[in-house]
Amino acid sequence: MAYRVLGRAGPPQPRRARRLLFAFTLSLSCTYLCYSFLCCCDGSPKLGTKRLPQALIVGVKKGGTRAVLEFIRVHPDVRALGTEPHFFDRNYGRGLDWYRSLMPRTLESQITLEKTPSYFVTQEAPRRIFNMSRDTKLIVVVRNPVTRAISDYTQTLSKKPDIPTFEGLSFRNRTLGLVDVSWNAIRIGMYVLHLESWLQYFPLAQIHFVSGERLITDPAGEMGRVQDFLGIKRFITDKHFYFNKTKGFPCLKKTESSLLPRCLGKSKGRTHVQIDPEVIDQLREFYRPYNIKFYETVGQDFRWE
Ligand SMILES: Nc1ncnc2c1ncn2[C@@H]1O[C@H](COP(=O)(O)OS(=O)(=O)O)[C@@H](OP(=O)(O)O)[C@H]1O
């Protein structure tokens, strides 16, 4: 009687409680089953197939490769591997099945992409990539080789503070102006030499060059050209970027799928080590003929002074 007055259905019935428990367990199991069929452990959709990449960002180290990868993966028709697999340089022995297993799942209509900047300077990489697929689209982000070398050195110094100075490492004989081309930070910037190995396997039309400088001043413009090259609609536009004054770089705006605005991490956009201006001039002179040959080969003037 008291229960009726209070508007309750009555004391809990054992049968009703059992039914409730059953319904609850059933709904939990269904959620679990749906989740494990449709989602990966990180919650991302499990739809589609793991495929070998159809496009690669092959270089160059410190050119702006992370920015291109993070920007292009905003596109709904692109799925990218977040880490650098180093397959075509360090891990080739593990085989293509291992490489494929690292890739994100994609639908038929989506492009699989990865970036490993050291591929550009790896002698065997063009042949190995060609053997995977002669249709692979290649993206190279290039930047003034002098600034690139300083960026590279700044990164190494942040990990190994005891290394010799940039000025010391750059020359075999500074008085004679003999640049040490065996030092990786210098060698990577001799773009045209590396490009020649790629051109033995891939036509120029299959290689897209992104200007690392324009990527900072006009990210939407550069990404527009990347989307055209990949043959996907121009989804990434000005609307996706804002200039973050604190970072000093363009960052991604918040969107429906990414609720926070996103800048690249602290290791991108470091303050560079101060270098003797005379050494900078010497390196500019050193790179000039390589740059000119590079512009002629790719048919673009990057205006590196
Ligand atoms: N939007 C945005 N935000 C931050 N940084 C940007 C951006 N666009 C280009 N860059 C430039 O990218 C440089 C790092 O290049 P990478 O990503 O190729 O480096 S790495 O090879 O993967 O280590 C990094 O070099 P440093 O400035 O020398 O750190 C940046 O100048």
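Just follow the structure's listing: the first ligand is 1, and inside any ligand the first atom is 1. Computed from a predicted model, the values in this text were never measured in an experiment.
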Which residue holds the protein heavy atom closest to atom 19 (O) of ligand 1, what is that atom called, and what is the gap in Å? Lys268 NZ, 3.2 Å
As a test of understanding, state which of Tyr287, Phe302, Trp304, Tyr295 forms a ring pair (Phe, Tyr, Trp, His ring centres under 6.0 Å) with Tyr191. Trp304
Nearest non-hydrogen partners of Tyr290 and Val192, listed with the distance: O-CG1, 3.7 Å
Might you point out which heavy atoms bring Gln300 and Arg214 nearest each other, and give the distance in Å? OE1-NH2, 3.7 Å
Please check if atom NZ in Lys293 has more than 12 non-hydrogen atoms from other residues, nucleotides or ligands closer than 6.0 Å. no
Quick one: look at Arg214 and ligand 1, take heavy-atom pairs under 4.0 Å, and tell me if it's side chain, backbone, both or neither. neither
Of the backbone atoms (N, CA, C, O) and the side-chain heavy atoms from C-beta on, which set of Val141 has a member under 4.0 Å from an atom of ligand 1: side chain, backbone, both, or neither? neither
Gln155 heavy atoms within 4.0 Å reach ligand 1 at atoms 23 (O)
Would you check whether Gly64 has a nitrogen or oxygen atom less than 3.5 angstrom from a nitrogen or oxygen atom of ligand 1? yes
So that I know where these two stand, are Trp198 and Phe130 an aromatic pair - ring centroids less than 6.0 Å apart? no
Heavy atom of the protein closest to atom 21 (O) of ligand 1 (residue, atom name, distance): Lys62 N, 2.8 Å
Which atoms from ligand 1 have a heavy atom of Phe71 less than 4.0 Å away? 1 (N)
Among protein heavy atoms, which sits nearest to atom 9 (C) of ligand 1, and what does the distance come to when rounded to 0.1 Å? Ile216 CG1, 3.6 Å
Atom 17 (O) of ligand 1: the protein heavy-atom neighbour that sits closest, reported with distance to 0.1 Å: Arg66 N, 3.0 Å
Criterion salt bridge (Lys or Arg N to Asp or Glu O under 4.0 Å) on Glu70 and Arg262, from CA distance to verdict: CA-CA 9 Å; Glu70 293 306 322; Arg262 270 192 301 130; 3.5 Å; yes
Checking the N or O distance criterion of under 3.5 Å, is ligand 1 in contact with Pro117? no
Among protein heavy atoms, which sits nearest to atom 22 (O) of ligand 1, and what does the distance come to when rounded to 0.1 Å? Lys115 NZ, 2.8 Å
Under 3.5 Å between any N/O of Lys61 and any N/O of ligand 1: does that happen in this structure? no
protein heavy-atom neighbour closest to atom 18 (O) of ligand 1 works out as Thr65 OG1, 2.6 Å
Candidate with minimal heavy-atom separation from atom 2 (C) of ligand 1, of Phe241, Phe249, Phe243, Tyr153: Phe249
Give yes if a backbone or side-chain nitrogen or oxygen of Pro250 is under 3.5 Å from a nitrogen or oxygen of ligand 1, and no if not. yes
Which is closest to atom 25 (O) of ligand 1 by heavy-atom distance: Glu70, Arg143, Lys247? Arg143
Of all the non-hydrogen atoms in the protein, which one sits nearest to atom 29 (O) of ligand 1, and at what distance? Gly269 N, 2.7 Å
Does NZ or CZ of Lys268 lie under 6.0 Å from the centre of the six-membered ring of Phe249, at an angle within 45° of the ring axis? no
Donor-acceptor pair, distance only, cut-off 3.5 Å: does the side chain of Tyr201 make one with the backbone of Ala125? no
Could you tell me if the ring centre of Tyr99 sits under 6.0 Å from that of Phe88? yes
Would the number of heavy atoms belonging to other residues, nucleotides or ligands and lying under 6.0 Å from CZ of Arg270 be above 12? yes
